[in-house]
Structures are given as C-alpha cells and as structure tokens.
Number of protein chains: 2
Amino acid sequence: MQAREKQMVELIELLFFAYRDFVSDPDEILHELGFGRAHHRIIHFVGRNPGIRVSELLEILRITKQSLGRVLRELIESDHVFQREGEADRRQRLLFLTPKGEALRNELVRPQIARFEEAMSGSGSDAEAACREILFRLINEDDRANVRQLIAGRAENAVID
Amino acid sequence: MQAREKQMVELIELLFFAYRDFVSDPDEILHELGFGRAHHRIIHFVGRNPGIRVSELLEILRITKQSLGRVLRELIESDHVFQREGEADRRQRLLFLTPKGEALRNELVRPQIARFEEAMSGSGSDAEAACREILFRLINEDDRANVRQLIAGRAENAVID
DNA sequence: AAAATATGTCAACAAGGCTGACGTATTTTG
DNA sequence: CAAAATACGTCAGCCTTGTTGACATATTTT
C-alpha cells in the first residue's frame, strides 16, 4: 500500500468515527422519546425546508415512500409535523413543523452545533472553508448542485399562516 | 438563528450528505454479495488490525456481541475471516482476514480512496491537514486517544503463519 | 375523457440493531 | 487450590427501519 493511500484510509476512518459520534447525542435524546434516527432526519429537513414536498424529502433521504410513511405518520400523530395541501397543486401534501416539532428540532441540533463549534475552535476560517469544500466534494458530483441549493436554504421564512 | 449557527447547520448537512454518498459505493458491491454495511465494517477493521480481539472490535463498532456474532459467523463461513486462539491468553479469538477477505477489503476501499482523492484534488496539503484535524475533533474527546492509536495502525505486518 | 402525477396504504419480508439468559474455556485472585 | 472474573459464543425474542409489489384516491395535464 502506498503512503498516499494510507493517508486516504486514515481519512476514511476519521470520517467513520466522526460520524459515529456526531449522531450519538441526538440518538440519545430521540431514544428517550421513543424515536429513532429516521425521525431525526425528517424533523431536520422539514424544519430546514418548511413546506417541502413529500417527493423532495424522499429524494434527499434516498428511501421509499413506504419507509417514510410509517415514520412520518408517527411524527404527525405526535404533533411534531403537520401537512397542508399545496396551493398551486392540491395533490401535494406540504410538510411543516409544529411549534413542538420546532422545539425538538432545536434540541436535536444544539449538541451537533456545539460539537462542530468545539471542533472548529482553534481552526481559522480558512481551515473551516477548506473542510467545507472537501466535505462538499465527497458528495456525488451529479448531486452537488442540488445539495448546494438545499443547504443555502430556500424559503427560510415561509409563511405558515 | 445566528449567522454562526447557520454556518454550523450547513456543515451538519454537508457531513450528512458526504457520509451518505461516501458509503454508497461499498454498499452496492456488498449488496451483490448478499452482504451489508455491517460486514463492511468488520472486514475493514479486521483488515486494518490483523489479530484484533473480538472485544476491541465491539468497542470500535459500538455494538453488542450478539449483533457482531451473526455477521461475523457469516464472514467466517464464507471464508473471508478466520480466528486463532491468542497465544498469551487462550480465551481470546483473534481475528484475521483470509486472502479472500483481503481481496474484498481492497475492492471495498478502492472507491472510497478514489472519492477522497477526488475530493482532495485541488486542495493543498494544508487544507487536507485542516480537514483531518476537524474530523478528528468531532470525535468524543475521551475517545480521541484511542482512535489516534487505532488509525496510526499497530501491528501493520502481523505474522499470520 | 384518458393519462400522468403526487401521495397514501396494505402486506410480507430482510438487515441489523437490542436485551436477557445461559454455557464454556481460561485466567486471575484470594 | 478453589472461587471469581474474563473472553467469547449462542439461543430466543423483539424493535427500527429499510425493501418490493400491488393497489387506491385525488388532482392535474394532455
């Protein structure tokens, strides 16, 4: 094995361990509520994209509608998420967080923000930008444009009535 | 939400998408063999740490021995992994990859190396070091020393007879 | 009016986690 | 040396979250 490849393997492992611990704080919180990681992902992306369509969510999460359906139903029944008909297209069921859902989303994202802030402390803004760029380029090339738009955030202040 | 927090949320999402795609290539290969991500993790860490003890593997993967047991048995039956009694402590069942296991490990790691190399191309070695450091600091503080040692690789050329 | 689209749902199944209980070598300890 | 601790394996049952396939309903597009 070349030295360069060895360095890459080290990065592979770092990413594995970083991700393992990165999801561990939310996992604990969720477990107490009887929820799992699947609920987290829905809460997160609905919170970040109020009014997101079901089909968009499916594409982001790369799961089937049947998988989504079960978990989404639980979140609706527990009053964390609600749906509204699309105005332009009434077949759509746009997704929003309730105040309760927003509260949970906040609780879940807080430790993750803290973890990144701690990880960044001591690094300059150039280091942060470098890391951001590398993470971005780990994403499939054909999906980067989508992700860039998603991350930029679209209807940040969507009116929910 | 503060601007700084928003930046952190963007990083959180980048990590999510990066990881999602990062594991997708191995997943495809594994699926054709009737294996899953659990098999991958075992193959990877046994390959990187020949002679690793079962209990060490459990700690790395953060799963129970019952979960490991099933998947490990499959890998042993399919002749990807074999066990040997520890010399010093004969209760131990040290784990090694067979040549077949090594071949699979290589096949699985290749696309991940390629992905990181592509992601790094264009970034300088300082950017790479910065990213490495940030990923490292995402790991739980009490586990960083362990991970550092693990990643450095210990018995790189362990004799297997 | 017919076809396509967006979504929901039922059913059956699989991977891969979990807990709890118990068994067997082997090593360590009092 | 006997007893306790350790390393590991295994049986059984359960949960979450993913899958495929088939079918239903409302709405929009053609």
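This structure is a prediction, so every number in the text was calculated from the model and none was measured. Protein chains get the first letters and strands the later ones, always in sequence-line order, with residue 1 at the start of each.
Residue-level contact check: Arg37(A) touches the backbone only, with heavy atoms under 4.0 Å from sugar-phosphate atoms and none from bases. Across all strands shown, Gly69(B) has no heavy atoms under 4.0 Å from either base or sugar-phosphate atoms. Within the nucleic acid shown, Gln83(A) comes within 4.0 Å of sugar-phosphate atoms alone, with no base atom in reach, counting heavy atoms only. Within 4.0 Å of Ser55(A), counting heavy atoms only, lie sugar-phosphate atoms of the nucleic acid but no base atom. Counting any heavy atom pair closer than 4.0 Å across all strands shown, His39(A) reaches sugar-phosphate atoms only and no base atom.
Proximity note for Lys65(B) (side chain, C-beta onward) versus dC23(D), dG9(D), dG16(C): the nearest is dG9(D).
A straight line from CG of Leu30(B) to C1' of dA14(C) spans 16 Å, rounded to a whole angstrom. At whole-Å resolution of the value, CG in Leu68(A) and P in dT19(D) are 10 Å apart. Between Asp89(A) atom CG and dT29(D) atom P there is a gap of 6 Å when expressed in whole angstrom units. We find that CG of Leu58(A) is positioned 14 Å from C1' of dT19(D), with the value rounded to whole Å. As a whole-Å value, the separation of Leu61(B) CG from dA15(C) C1' is 16 Å. Taking atom CZ of residue Phe35(B) and atom P of nucleotide dA14(C), one finds them 17 Å apart after rounding to whole Å. Here dT16(D) presents its P atom at 9 Å from NE2 of His31(A), a figure rounded to the nearest Å. Rounded to whole angstrom, the span from the CG atom of Leu72(B) across to the C1' atom of dA15(C) amounts to 16 Å.
Separation of the Phe17(A) and Phe45(B) ring centroids falls under the 6.0 Å cut-off.
What you find for Arg144(A) and Arg137(A) is that their closest heavy atoms are NH2-O, 3.0 Å. Closest non-hydrogen pair, Ile139(A) versus Arg115(B), comes out as C-NH1, 3.9 Å.
A donor and an acceptor atom sit less than 3.5 Å apart, one in the side chain of Arg91(B) and one in the base of dT6(D). Applying the 3.5 Å distance criterion, the base of dG16(C) shares no donor-acceptor pair with the side chain of Gln66(B).
Ring geometry, Tyr19(B) versus Phe22(B): the interplanar angle falls from 30° to 60°, so the pair is classed tilted.
Contact between the side-chain N/O atoms of Ser67(B) and the OP1/OP2 oxygens of dC18(C) is found at a separation under 4.0 Å.
In this structure, Arg93(B) and Arg70(A) both approach DNA chain C, and ranking their closest nucleotides by distance from the 5' end singles out Arg70(A).
Atom CZ of Arg4(B) has more than 12 heavy atoms from other residues, nucleotides or ligands within 6.0 Å.
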